[in-house]
Amino acid sequence: MKKIFLFDLDSTITKEEILPSISKSINKEDEMRKLTEMTMMGEISFEESFKSRVDMLKDIPVSEVAEKISNISLNQELVKFLNKHKDICYIVTGNLDVWIDKLMKKIGMENNYFCSKASVSNNKITKISKILQKDEVVAKFKDYIVAIGDGSNDYKLLEKANLGVAFGGVRNIAPSLLEVCDYAIYDEKRLAEFLERLIEE
Amino acid sequence: MNNKTVIISCAGIGSRLGRNMPKALVPVDGKPMIIRTLELLDNVNDVRVVVGYQAEKVIEVVNSYRRDVTFVFNHDYLNNGTGASVSLAMQYAKEFILTIDGDIIIHPSDMEEILKMNTEFVGVCEIGTDNPVLTKVKDNKVIAFSREKGEFEWTGVTLLKTKRVNKTEGHVYFMIEPLLPLDYKLIRLKEIDTPNDYEMALKWVKNNYR
Ligand SMILES: [Mg+2]
């Protein structure tokens, strides 16, 4: 059966959480990091936290945020995997389309991502029009789904996937995720090798 | 050496030893058993540790030694056996799987030999534990497993061709039975099920595996 790979973005493909790193430039890092940590550990809902985090950054021009995000450091072994298997890989992230489109293009995933959506006017975000529920993506496919993620917002994604891989190469895997994952891997190279094995069989 | 996936089963509770930790984490002469096993596997790239009971603690200890182990989750460890753990871990494995229980200590030079082998075998030892699974041997081959009689005790250490193994929920030896007869290999090791086993193993390690 054909396998489809769904990757979380923050701290799975990227080497750091995206929004906290953006918030550095407007000196809201502490506030943002705290909120992000609470979300990743499952202490507040993703939806609620995402709205307030977008709110914090809404005064920065969208193009500026997109530019910064496109320069964030990445797990290169996983990016290599994405590029090699473009036809079967997708990014699944709660982040906003208008913020990540540049990064998606850079990693060759411009046609392969699912995310939240916002409307923009005069280079500023006016409204979040959709917040992505990651698990809804699984239902879009009839194939065998392999999901890879690190945070508690990946819980349902990994739970609904046929095979769930928790990745702890960037940060500690959320404890809740360890309750539903089939595998946990803490080394980027090992993860890439393991995913290759899944394709071979 | 890298035609093997090494599977270390650490999912179970191991209550007979009477410690509130997975047996693989019990220190023997100052070092957790799992670390003693990992130290002998430095040259193996595909090491898989099956976790269940106190998974996070096992992961933490393993990660303190090396970061590139693949952890396989046996979430139903209360209701299934080591065979289920191996069945989960052997998916997408290399040509051979080498199974090892997390509650044993293997003689380092025997492990070295095992890692060089490229033919299937059943690992056996002299009969020594309270409730052993025995192996019947004929013409230098293991021909059956038995609770009643046999020449050697089965160790849980086995090298098998991944493609030939069928999944099970029960004991690992259920997976081996359909493949018999198989060569056997005598291994020097200590299994730790009870406080008495622990004392024996500790002495053995401290006395340079003699
Ligand atoms: Mg993440």
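Residue numbers start from 1 in every chain, and the chains themselves are labelled A, B, ... in the order their sequence lines are given, proteins ahead of strands. The figures that follow rest on heavy atoms only: side chains count, while hydrogens, waters and symmetry mates do not.
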Is the shortest distance from a Lys or Arg side-chain nitrogen in B:D193 or B:R16 to a carboxylate oxygen in the other one below 4.0 Å?
yes
Do the numbers put A:R190 on top of the ring of A:F167, so that NZ or CZ is under 6.0 Å from the six-membered ring centre and no more than 45° off the axis?
no
Heavy-atom cut-off 4.5 Å, strictly under: side chain, backbone, both or neither for B:A89 against chain A?
neither
Do other residues, nucleotides or ligands put more than 12 heavy atoms under 6.0 Å from B:M21 CE?
yes
Per-residue contact mode, A:E200 against chain B (heavy atom under 4.5 angstrom)
neither
Is it the side chain or the backbone of B:N63 that comes within 4.5 Å of chain A heavy atoms, both, or neither?
side chain
Heavy-atom pairs under 4.5 Å with chain B - which of A:L178, A:I185, A:V180, A:D187 has more of them than the others?
A:L178
Between A:S52 and A:D55, is there a side-chain donor-acceptor contact under 3.5 Å, judged purely by atom types and distance?
no
A:I199, part contacting chain B, at a heavy-atom distance under 4.5 Å
neither
Among A:L74, A:I69, A:I72, A:T93, whose side-chain contact (heavy atoms from CB on, under 4.5 Å) with A:L9 holds?
A:T93
Need one label for B:I59: side chain, backbone, both or neither, based on atoms under 4.5 Å from any heavy atom in chain A.
side chain
May I ask you to check whether A:Y90 and A:F5 place their ring centers less than 6.0 Å from one another?
no
Where on B:V69 is there a heavy atom nearer than 4.5 Å to chain A: the side chain, the backbone, both, or neither?
backbone
Centroid-to-centroid, A:F194 to A:Y183, below 6.0 Å?
yes
If you count heavy-atom pairs within less than 4.5 Å of chain B, which of A:N172, A:I173, A:D182 leads?
A:D182
Cut-off 4.5 Å, heavy atoms of chain A, and the answer for B:N45 is both
